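Quick one: structure below, then a few questions.
As the structure is a prediction and not an experimental result, all values here were calculated from the model.
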Amino acid sequence: MVVRAHSSAAGALALLSEPDTVFKQHALKALNQLVPQFWAEISEHIALIESLYESEDLPKDARDTAALLASKVYYFLGEYDEALSFALGAGNAFQTEARTYAAGEYVETVISKAIDRYIHLCSDEVPLGTKIDSRLQSIIEAIFQRCIDEGEYRQAIGIALESRRFDIISQVYDLTHDVSLLSYAMEVVLDTGFPLSYRDQVLKFLSPLFPSPSRTNSSHMLALARLHVILDNPSTTTALLTSLVHEDKLVAYQFAFDLVEGGARDFLEAVRKELPQGKDDTKDIFENLSNILGGEETVRLYLEFLKRSNKVDMLILKHSKDALEPRSSIYHTALTLQNAFMHAGTTSDVFLRDNLEWLGMATNWAKFSATAALGVIHKGYFQEGMNILGPYLPQPGTESQIQGAAYSEGGALYALGLINASGSSQTMDYLREALRTSQNDTVQHGAALGLGIAGMGSRSAEAYDNLKETLFLDSAIAGEAAGYAMGLVMLGSANRVYAEEMITYARETQHEKIIRGLAMGLSFVFYGRQEEADDTIQLLLAEKDPIMRYGGVYTLALAYAGTSNNNAVRRLLHIAVSDTSDDVRRAAVISLAFLLFKTPDQVPRIVQLLSESYNPHVRCGATLALGIACSGTGLQDAVQILEPMTKDGVDFVRQGAFIALGMVLVQQSEASSPSMSSTRALYTKVISDKHEDPMARFGAALGQGFIDAGGRNVTISLQSRAGTRNTSAIVGMTLFCQFWYWYPLAHCACLAFEPTAIIGLNGNLKVPKFEFMSNAKPSLFGYPAPAIPPKKETAAKMATAVLSTTAKVKAREKKKAAVEHDAMETDEKLDTKKDADVEMKTEEPSTSTKRKTEPSSEKVANFSRVTPVQLGYITFPAEGRYQPIRPVASNPFVNRGAKGVPPPGKRALTSERYAGGGGVLILVDEREGEDAELIDLEPAPPVTAVNETAVQNGYANAAERQLHVALDPSAPEADPPEPFEYPFDG
């Protein structure tokens, strides 16, 4: 039997007009099968089909079939809302269709529209109490049930979160008791741009569902710490810590350290104050918890790690110093920043002490930057900060009369803020007093910057008022720093009164510097506030002044930082291609990084076209967007875009590409990133090339500083180990991007440096000596090889001129000697051949010797560097004495270095970013009664011998005085030596 293909639906359509219902039912069934081929022809009769659906003369199943037919026609016409409405009316007919053609595009589209409509009806946009169609409700319930039956729990949770169905989340968790599903729900609501009010509802709902962490159930500890940090409810956190103290002090210590990694300063201080004093058996534990929550303990451990593990290659700095002309301010600042980044947090100022003559060539703002670099080098050294900077700080009751001294004093105040970033109230009080009493705008500038960084997020009304008084002096230099600092102090407060004050003054002042400082300050005020910042964003982006629009762009970026909010990304892309100001367009492209840093894989694809723009400012923005978003990942997709941009025809585009490459490749090795060696060679070449543009050489120096930052022991990360936004890092990189207008702000990049170490502590919070395993080849995560000093070129000897007659005489003599000694020469050739054979046989084994194979794993000592990607390959031997209280990596299911798992490939190394892990780990001692060997963390004795005369003048030693004199021309000279008698006189 031959089946003929239909060429038209006219026959079936004609039956729809027949009076007999049997013919109509037959036609509807036939047309349902013909819709995909003849939907255009059938659509001309859609009114008739709809009337059949509404007809009371047809039976229920026939009306359902008519509704299904109408739904399909509207689907092919692209009218999806109408298609959904008729699908709901189709009832059982649509359900049958869904079961029969489960993978069909029509069914998938209609179900997708049904979910979208249901989510919309459940959202805040619809008035409360709006009734949902029971037919739509039944479809959604069927979808939830199917997801649960098929084990698609994450899909069910995703739809439940969108539709505010907390009961489904509870049902899934009660069924599975899988804590990872709760972590997934938390990540979804935090990282996909949900409104703040709804986000808090979800977190409050999830909080009691999370089980209390324990030694046997600690995989979710980092996720729980992240939840408490974002929920920002000190009472709830204190209650949990108190219960953990009574259950297991080691778990309590670990949870406190994890809170410190991601917690805001005011939150941690509130938890610390609410902790009970404890009784006799718990008093010491609560005291230790209080010290941990203060943050000083974590900073002290990381500082000691950076000091001990410093691997700065001084030859690289020496090469830069020899190549960059020190009398040029831009080159002096470039080397200052390179040295500061490379030694950040190491407390090693050896390069400065060894190059006092170079340091003394700094003038004006280069001197300011050189002094501020001490704050980067000694960042976190709270105890000694005032002692280190004491000789450079303004002396009470005096106003410096020498302009050079004012630059070093201002730089020292700025450095004090960097050392004590988010630090103590005593430092803030000192900086407030310095700001209030100084009459020099350079000193005020440094004091304001230092106060903003030290008081970041403190929301101190007194500090804000002091800064406002400085702003109202209308000094361009001091006012710009005050604008930045006002926003930093009120970070994330979204205070409307302060925001209106800042906007009003920005409109009134004539100084562009002050306008820029206030515009950026506004972006800090609304940090992380999402929709609460929308009105201010709209106001700033509508301003005629491009500097205010510039601030509006950063306000948008920081308000939605880390959320990957689609509307915000779309808005920035529109500004990047449409604004009339190049500065605003560049800022819009850079700001994409602050939205998308949690998904770095997406950024190269998004900025690919922008990196090829005709506008050099857009291209420059693309370089920094890649650098910030993909920092520390070694992502080859980003490197492949950046490498051609190092040859761009515009100097500042090349500058951005050099800086970005350093950020992307920080803590990468030649084994993990094929671009590492070529990038280092490129930096050396550009810095050495005196014909290269100064801006490009400046960028290469900064890139070289980033690639070896923190003694090669830090990475750049906008995400904390706990998985939260790293507030200090985001603020630091935002300020760093302002180096375009003001070089000293580049120092703030150090706020984004995160030490990469595993520091194991025992139950007494001491550091024991032990080893764990890294299940990867040592070269994969090893330190770079030291730089090789350039070889000295020796002049080649000139060939001696030979006359033609002399050459002929020598040729005749040689021919005659050959004839006379022919026989003897033949014998010598035979002997030589034998000797050669013996020699070849002797050398053969050495040339064929195989290279020693590299081991597939290595032992790593406690207190050692472990890069973020390496965390996935770390294991603690089961037979070892010490075991961590929680998993090393934030994702315990990604231990790819374990036995039986294939070795990592380059793609695996570059495309994955771990949300957290590592850091300070509390250890369980399996042999608690035995003596333990500890690592001594006592400070090392000073390298330079103490000089009594230097100490009498306020210095720690003679080298300290020399360093001060190089930076400050008003520094007191050493007293002359006492007179004495020479013993051999007379």
Side-chain angles (χ1 to χ4, degrees), residues 179 182 186 200 203-218 220-301 382-383 422-426 428 457-460 720-724 727 759-767 884-886 919-925 928:
V179 184
L182 298 180
M186 183 184 70
D200 291 341
L203 295 182
K204 288 175 182 176
F205 168 76
L206 292 175
S207 182
L209 294 180
F210 272 95
S212 181
S214 64
R215 294 191 186 188
T216 56
N217 184 21
S218 62
H220 63 284
M221 192 180 292
L222 280 170
L224 188 59
R226 183 185 183 193
L227 186 148
H228 277 262
V229 164
I230 297 170
L231 201 55
D232 196 12
N233 188 333
S235 299
T236 305
T237 307
T238 303
L240 177 58
L241 275 172
T242 304
S243 67
L244 290 176
V245 167
H246 296 294
E247 293 170 9
D248 191 335
K249 72 172 184 178
L250 298 187
V251 177
Y253 289 159
Q254 183 65 69
F255 190 67
F257 274 115
D258 291 341
L259 287 174
V260 170
E261 291 286 358
R265 172 180 173 180
D266 54 346
F267 166 72
L268 294 172
E269 193 60 32
V271 174
R272 187 182 184 186
K273 288 180 179 178
E274 290 188 18
L275 282 176
Q277 295 294 323
K279 298 180 181 179
D280 293 340
D281 56 337
T282 59
K283 186 175 181 180
D284 291 343
I285 300 175
F286 280 111
E287 188 176 338
N288 288 336
L289 281 177
S290 180
N291 292 335
I292 292 170
L293 291 171
E296 289 86 356
E297 188 69 16
T298 301
V299 173
R300 181 182 71 87
L301 291 169
F382 300 145
Q383 297 83 359
S422 300
S424 64
S425 56
Q426 290 88 345
M428 288 184 62
S458 64
R459 304 183 186 179
S460 166
S720 72
R721 287 187 178 86
T724 59
T727 299
I759 301 174
L761 303 180
N762 61 18
N764 298 320
L765 301 183
K766 303 296 183 183
V767 186
I885 205 75
R886 67 156 167 80
V920 180
L921 293 176
I922 300 298
L923 305 169
V924 178
D925 190 349
E928 195 167 353

*Decide yes or no for Pro213 and Arg886: does some side-chain heavy atom of the first lie under 4.5 Å from some side-chain heavy atom of the second?*
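No, their side chains stay 4.5 Å or more apart.
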*Within-4.5 Å side-chain heavy-atom neighbours: Ser218 and Val251*: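 Counting from C-beta outward, Ser218 and Val251 never come under 4.5 Å.
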*So do the side chains of Ser290 and Leu293 get within less than 4.5 Å of each other, counting heavy atoms only?*
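Side chain of Ser290 against side chain of Leu293, heavy atoms only: no contact under 4.5 Å found.
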*Ser207 and Thr236: which non-hydrogen atoms are nearest, and at how many Å?*
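Taking every non-hydrogen atom into account, OG-CG2, 4.4 Å.
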*Applying side chain to side chain contact (heavy atoms under 4.5 Å, CB included) between Leu259 and each of Leu289, Leu268, Ile292, report the one that passes.*
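Answer after filtering Leu289, Leu268, Ile292: Leu268.
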*For residues Ser212 and Leu244, report the shortest heavy-atom separation together with the two atoms involved.*
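Shortest heavy-atom contact: OG-CD2, 3.5 Å.
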*Rounded to the nearest 0.5 Å, what separation is found between the CG atom of Asn288 and the OG1 atom of Thr282?*
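If I round to the nearest 0.5 Å, the distance is 11.5 Å.
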*Check whether any side-chain heavy atom of Ile885 lies under 4.5 Å from a side-chain heavy atom of Leu921, and answer yes or no.*
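No, their side chains stay 4.5 Å or more apart.
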*Sub-3.5 Å donor-acceptor pair from the side chain of Asn764 to the main-chain atoms of Lys766, do we have one?*
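Not a single qualifying donor-acceptor pair exists.
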*asked:* Under the criterion side chain to side chain contact (heavy atoms under 4.5 Å, CB included), I'd like the reasoning laid out for His220 against Asn217: C-alpha separation, chi angles, the key distance, then a yes or no.
replied: CA-CA 8 Å; His220 63 284; Asn217 184 21; 3.6 Å; yes
*Looking only at heavy atoms, what is the nearest atom pair of Ala270 and Pro234, with distance?*
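Looks like CB-CG, 3.6 Å.
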*Please determine which of Leu222, Leu206, Leu182, Thr724 meets the side chain to side chain contact (heavy atoms under 4.5 Å, CB included) test together with Leu227.*
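Considering Leu222, Leu206, Leu182, Thr724, a side chain to side chain contact (heavy atoms under 4.5 Å, CB included) with Leu227 is found only for Leu206.
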*Mind checking the OG1-CG spacing from Thr216 to Asp248? Nearest 0.5 Å is all I need.*
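If we round to the nearest 0.5 Å, Thr216:OG1 and Asp248:CG are 9.5 Å apart.
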*asked:* Do Met428 and Ser460 have side chains that approach each other closer than 4.5 Å (heavy atoms only, starting at C-beta)?
replied: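 They are in side-chain contact.
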*Find the distance between CZ (Arg272) and OG1 (Thr238) and round it off to the nearest 0.5 Å.*
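Between Arg272 CZ and Thr238 OG1, I get 12.5 Å after rounding to 0.5 Å.
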*Verify side chain to side chain contact (heavy atoms under 4.5 Å, CB included) between Phe257 and Glu297, making sure each step is shown before the conclusion.*
CA-CA 9 Å; Phe257 274 115; Glu297 188 69 16; 4.1 Å; yes
*Rounded to the nearest 0.5 Å, how far does NZ of Lys204 lie from CG of Asn233?*
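Taking CG in Asn233 and NZ in Lys204, the distance rounds to 7.5 Å.
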_With rounding to the nearest 0.5 angstrom, report the CD to CG distance, Glu287 to Leu275._
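Interatomic distance, Glu287 CD to Leu275 CG, rounded to 0.5 Å: 11.5 Å.
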*Side chains of Tyr253 and Leu761: does their closest heavy-atom pair fall under 4.5 Å?*
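Heavy-atom side-chain distance check fails, nothing below 4.5 Å.
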*Just wondering, do Ile922 and Pro884 contact through their side chains at under 4.5 Å, heavy atoms?*
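In short, these two side chains do not touch, never coming nearer than 4.5 Å.
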*Calculate, to the nearest 0.5 Å, the distance between atoms CD and OG belonging to Glu274 and Ser235 respectively.*
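Between Glu274 CD and Ser235 OG, I get 4.0 Å after rounding to 0.5 Å.
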*Carefully, step by step, assess Ser243 and Leu240 under the rule side chain to side chain contact (heavy atoms under 4.5 Å, CB included).*
CA-CA 5 Å; Ser243 67; Leu240 177 58; 3.9 Å; yes
_Is it the case that the ring center of His228 lies less than 6.0 angstrom away from the ring center of Phe267?_
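No, ring centres 6.0 Å or more apart.
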*Do the charged groups of Arg226 and Asp258 touch, with an N to O distance under 4.0 Å?*
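No.
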*Test item: Gln254 side-chain N/O and Val920 main-chain N/O as donor-acceptor pair under 3.5 Å*: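 Yes: the side chain of Gln254 pairs with the backbone of Val920.
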_Derivation and outcome, side chain to side chain contact (heavy atoms under 4.5 Å, CB included), residues Asn291 and Glu296_ = CA-CA 7 Å; Asn291 292 335; Glu296 289 86 356; over 6 Å; no
*Is there a side-chain contact between Thr242 and Phe286 (heavy atoms, below 4.5 Å)?*
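Heavy-atom side-chain distance check passes, below 4.5 Å.
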